*Asks:* 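Provided herewith is a single structure, encoded as structure tokens, for subsequent inquiry.
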Amino acid sequence: MPWDRNQMAERAAQELEDGMYVNLGIGIPTLVANYVGDKDITLQSENGMLGMGPFPYEGEEDPDLINAGKQTITELARTSYFDSAQSFGMIRGGKIAAAILGAMEVAENGDLANWMIPGKLVKGMGGAMDLVAGVGRVIVVMDHTNKKGESKILKSCTLPLTGKGVVDRIITNLGVLDVAHKGLHVVELAPGVTRADLEAATEATLV
Amino acid sequence: MPWDRNQMAERAAQELEDGMYVNLGIGIPTLVANYVGDKDITLQSENGMLGMGPFPYEGEEDPDLINAGKQTITELARTSYFDSAQSFGMIRGGKIAAAILGAMEVAENGDLANWMIPGKLVKGMGGAMDLVAGVGRVIVVMDHTNKKGESKILKSCTLPLTGKGVVDRIITNLGVLDVAHKGLHVVELAPGVTRADLEAATEATLV
Amino acid sequence: MKKVYGSASEALDGLLFDGMFIAAGGFGLCGIPELLIDAIKDAGTKDITIASNNCGVDDFGLGVLLQTKQIKKMLSSYVGENAEFMRQYLSGELELEFNPQGTLAERMRAGGCGIPGFYTKTGVGTVIAEGKESKMFNGEEFILEEGIFADLSIVKAWKADDTGNLIFRKTARNFNPPAAMCGKVCVAEVEEIVPRGSLDPDCIHLPGIYVHRLVQGAHEKRIEQRTVRTREEA
Amino acid sequence: MKKVYGSASEALDGLLFDGMFIAAGGFGLCGIPELLIDAIKDAGTKDITIASNNCGVDDFGLGVLLQTKQIKKMLSSYVGENAEFMRQYLSGELELEFNPQGTLAERMRAGGCGIPGFYTKTGVGTVIAEGKESKMFNGEEFILEEGIFADLSIVKAWKADDTGNLIFRKTARNFNPPAAMCGKVCVAEVEEIVPRGSLDPDCIHLPGIYVHRLVQGAHEKRIEQRTVRTREEA
């Protein structure tokens with residue numbers, strides 16, 4: 001049986017090691033925080049914070065304390081605040097060990113598209129282009145196929161790119177794939193998913 | 001009678017206006033601070049401080065509080081500290097209204113040489129190149145001639161440059177000169193100094 | 001040299017002109033110069049180009065200057081919260097230059113630091129790189145991004161002293177320091193002005209040299225997405 | 001993830017190798033990583049290239065690594081306080097690359113921020129510009145300076161918490177934050193390590209993400225030029 005959203009997040013959390021500074025994107029990646037267990041992980045919020053805590057209790061919301069998704073959050077004992085230039089300095093400078101992000105499309109060469117669909121409303125890339133260009137390891141977590149059942153893992157992206165050759169690992173409901181030489185390497189299959197199932201759902205080359 | 005060191009500093013202090021942020025070099029420029037009167041001047045020390053105060057009382061020296069000349073100093077109520085990248089960011093970015101500096105040579109096109117004499121020991125330019133390139137107005141305060149009686153204000157510099165075309169005004173023991181189109185404009189003569197005295201002591205073109 | 005002004009309108013007096021370029025601090029609705037934005041609305045300045053990560057919401061923040069059609073062009077990384085923005089953009093009334101968020105912040109800081117251009121990996125191989133110079137460093141491709149030099153900076157801080165030293169609070173710092181640095185003139189609005197000497201000189205986030213005018217006022221500080229957990233979850 | 005080590009030598013264990021490139025904080029003798037410098041002396045690492053604004057004095061700071069001839073090359077803006085430096089330099093034993101002070105600081109910050117190159121006015125028309133690319137922006141000439149990417153950063157802070165968040169004191173901050181940012185690994189020595197939560201999160205000068213290892217110790221903090229005024233002058 002393929003993984004559900006929480007199981008994908010749980011699998012993604014296995015990517016994180018003690019001591020890592022990590023940036024989590026919106027959607028399933030946000031759920032990863034629920035599965036880090038007792039690993040010492042520090043979450044960055046790219047609007048200017050290291051050590052992001054959980055949502056505040058009702059009545060304790062602080063308008064001066066939000067995450068990159070503009071949600072109210074809290075601080076921790078380890079927290080530090082800084083400005084946006086410093087924040088993206090640490091992202092661009094490779095100080096963030098990993099980013100776990102959602103995607104619209106990933107190509108077998110590591111290209112990532114997750115910020116615009118031509119002809120639809122364009123909201124902007126926010127910090128996504130900086131993150132994929134700068135962090136040590138880019139891990140995409142997404143459904144393997146779109147709502148029409150078409151593969152989101154392609155030979156080459158059809159949508160405008162967020163970054164070129166930036167993805168290291170893809171975690172989907174069907175399994176785990178690594179961007180490798182000449183194609184994607186199957187690292188792991190979700191329980192009950194066969195290699196044939198994965199091949200049928202994947203446009204990209206599997207090696 | 002030409003100005004002495006203190007009179008040159010006093011004259012240089014007239015260049016400063018209320019509200020200015022200013023960087024003072026070593027030597028006569030340091031004395032300028034004694035003559036700002038009740039003007040609201042904030043002194044920058046390029047090692048990371050705005051609002052430099054006077055030397056400490058004996059016994060109150062703090063090894064963590066020095067100026068760019070490595071001398072112990074004090075802080076004021078307006079003081080702020082920052083790192084060297086930020087400090088030179090504000091210098092390079094033109095936020096410092098004026099720098100008052102010493103010089104070995106100044107040329108009529110505004111070239112400045114004050115950091116090295118080939119064949120002698122070279123200690124380094126420190127922050128001088130950044131200051132002359134970045135601040136709003138560069139004012140040189142120096143003796144008009146060297147110890148051999150030769151003009152330090154030249155048609156063109158003979159020593160390696162600190163900056164090209166960077167000097168705005170020169171204050172010497174003989175008077176005040178501005179870098180102007182096709183030469184130096186005589187702004188003021190020290191008491192008892194004649195135009196002929198100045199011309200005799202100056203290699204550069206006076207206009 | 002008095003930096004403290006009585007109102008946001010007074011603090012902007014003489015600084016506004018049609019066709020000007022403004023850099024604004026804030027992220028979403030957090031740490032935005034709301035009083036100065038309202039004063040610009042009242043002044044009616046037109047054809048403004050604004051560098052700001054976002055453009056507020058329809059009725060708050062920079063969104064109010066969209067309602068009055070005072071904005072000609074935005075340099076932003078994300079504009080998804082604003083229906084009027086989309087309407088004006090799609091109808092061609094409003095120009096938009098997308099900047100990756102980190103590139104926008106660094107461009108502001110660069111302008112303030114006298115750096116007219118810098119190289120970055122961000123956007124290489126994407127539409128962001130189109131029309132930009134690129135250069136190889138150590139076998140890798142980078143694109144040239146230019147410093148932002150604005151006519152005016154408008155920022156919001158938590159506290160100031162009367163010399164203009166500013167401190168910010170939590171994530172309301174965001175774009176405010178880099179935005180403040182890149183303007184010819186910077187006007188800051190704060191929640192409280194304290195006497196000089198009251199702020200720890202080791203903890204000044206933005207030295208007064210960057211801040212030319214100051215105004216104190218009451219801030220709405222609207223929350224864009226109120227997310228909470230219930231006590232039971234604890 | 002434990003960052004706190006028992007001694008400077010332990011904190012450097014496994015990080016030193018001959019021919020390595022180190023970025024060091026400090027200005028003059030103020031805010032220098034004196035304990036780590038001594039530990040590098042004890043380790044005997046050779047042919048080191050060091051980016052540091054100054055090179056200490058003959059018997060303190062980086063000067064001790066000159067005495068032991070462990071330094072191959074310096075990137076500095078000013079080296080006037082050091083007789084042994086001059087002797088080795090003039091005899092050709094030591095290489096020296098002068099960097100204007102602001103260029104050196106910005107090169108360190110750039111390296112730490114993933115910026116391989118930036119343009120600056122500093123040094124245009126001087127020997128500093130020789131061999132460097134130049135480019136016109138808005139009718140003015142700028143030269144290209146490259147980011148510094150070091151193998152190791154050694155810095156000195158006042159206080160740290162156990163997660164590596166650092167605060168500095170007064171002008172001892174100087175080059176320490178940019179130097180800390182540009183190394184693959186950064187080791188910081190501090191006067192005091194406090195429990196996490198003890199430092200104001202709004203006043204962290206260098207977030208712990210930049211700091212991989214920490215050591216606490218007693219510091220000599222030598223004064224290079226003791227200048228005072230007498231009570232009578234007051």
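Remember, predicted model here, so these are calculated numbers, not experimental data. So you know, we letter chains A, B, ... as the sequences are listed, proteins then strands, and number each from 1. Computed over heavy atoms, backbone and side chain alike; hydrogens, waters and symmetry mates excluded.
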*Asks:* If you tally heavy-atom pairs under 4.5 Å against chain A, which of C:S77, C:G31, C:G80 wins?
*Replies:*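 Result: the option with the highest number of such pairs is C:S77.
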
*Asks:* Below 4.5 Å from any heavy atom of chain C, which atoms of A:Q86 appear? Answer side chain, backbone, both or neither.
*Replies:*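 Neither the backbone nor the side chain of A:Q86 comes within 4.5 Å of chain C.
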
*Asks:* Between A:D83 and C:P177, is there a donor-acceptor pair closer than 3.5 Å when you use the side chain of the first and the backbone of the second?
*Replies:*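 Flag not set: sc A:D83 to bb C:P177 has no pair under 3.5 Å.
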
*Asks:* Decide side-chain contact (heavy atoms from CB on, under 4.5 Å) for A:W115 and C:T126; before the verdict, give the C-alpha distance in whole Å, the side-chain angles of both, and the deciding distance to 0.1 Å.
*Replies:* CA-CA 11 Å; A:W115 79 283; C:T126 76; 5.6 Å; no

*Asks:* Within the structure provided, determine whether A:I66 and C:E224 are in side-chain contact (heavy-atom separation under 4.5 Å).
*Replies:*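 Heavy-atom side-chain distance check fails, nothing below 4.5 Å.
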
*Asks:* What part of A:D111 lies closer than 4.5 angstrom to a heavy atom of chain C: side chain, backbone, both or neither?
*Replies:*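 Neither part, no heavy atoms under 4.5 Å.
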
*Asks:* C:T227 side chain to A:T72 main-chain N or O, any donor-acceptor pair under 3.5 Å?
*Replies:*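 Yes; judged by distance alone, with no hydrogens or angles, the pair exists.
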
*Asks:* Give me the atom names and distance for the closest heavy-atom approach of A:L65 to C:T171.
*Replies:*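 Heavy atoms of A:L65 and C:T171 come nearest at CA-OG1, 3.3 Å.
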
*Asks:* Measure distances from C:L104 to the heavy atoms of chain A and classify the residue's part below 4.5 Å as side chain, backbone, both or neither.
*Replies:*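 For C:L104, no heavy atom lies under 4.5 Å from chain A.
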
*Asks:* Please state whether the side chain, the backbone, both or neither of A:T162 comes within less than 4.5 Å of a heavy atom of chain C.
*Replies:*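 For A:T162, the backbone is the part near chain C, not the side chain.
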
*Asks:* So for C:N99, is it side chain, backbone, both, or neither that comes closer than 4.5 Å to the heavy atoms of chain A?
*Replies:*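 The answer is the backbone of C:N99.
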
*Asks:* Is there any residue in residues 205-218 of chain C with a non-hydrogen atom under 4.5 Å from a non-hydrogen atom of chain A, and which ones are they?
*Replies:*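 Against chain A, none of the residues of residues 205-218 of chain C fall inside the cut-off of heavy atoms under 4.5 Å.
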
*Asks:* Which value, rounded to the nearest 0.5 Å, describes the distance between A:D62 atom CG and C:R169 atom CZ?
*Replies:*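 Spacing of CG (A:D62) from CZ (C:R169) equals 4.0 Å.
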
*Asks:* By a 4.5 Å heavy-atom criterion (distance strictly below it), what part of A:V132 contacts chain C: side chain, backbone, both, or neither?
*Replies:*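 Neither the backbone nor the side chain of A:V132 comes within 4.5 Å of chain C.
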
*Asks:* Quick check on the structure: residues of residues 127-135 of chain C within a heavy-atom distance below 4.5 Å of chain A, by number.
*Replies:*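 Listed by number: C:V127, C:I128.
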
*Asks:* Decide whether a cation-pi geometry holds between C:R231 and A:Y57; the criteria are a distance under 6.0 Å from NZ or CZ to the six-membered ring centre and an angle within 45° of the ring axis.
*Replies:*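 Because its charged atom sits under 6.0 Å from the ring centre and within 45° of the axis, C:R231 does stack over A:Y57.
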
*Asks:* Quick check against the 3.5 Å criterion: does C:R173 have a side-chain atom that pairs as donor or acceptor with the backbone of A:Y81?
*Replies:*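 Yes, because the side chain of C:R173 sits within donor-acceptor range (under 3.5 Å) of the backbone of A:Y81.
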
*Asks:* Using a 3.5 Å distance criterion without hydrogens, assess whether the side chain of C:E106 forms a donor-acceptor pair with backbone atoms of A:F88.
*Replies:*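 No, C:E106 side chain to A:F88 backbone: no donor-acceptor pair under 3.5 Å.
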
*Asks:* Give, for atom CD of C:Q101 and atom CD1 of A:I91, the distance between the pair rounded to the nearest 0.5 Å.
*Replies:*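 It comes to 8.0 Å.
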
*Asks:* Counting only heavy atoms closer than 4.5 Å, note whether C:V124 contacts chain A via side chain, backbone, both or neither.
*Replies:*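 Just the backbone, heavy atoms under 4.5 Å.
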
*Asks:* Output the distance between atom OH (C:Y78) and atom NZ (A:K70), rounded to the nearest 0.5 Å.
*Replies:*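 Reported value, rounded in 0.5 Å steps: 6.0 Å.
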
*Asks:* Any idea which heavy atoms bring C:T103 and A:R92 closest together, and the distance?
*Replies:*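 Taking every non-hydrogen atom into account, N-NH2, 4.3 Å.
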
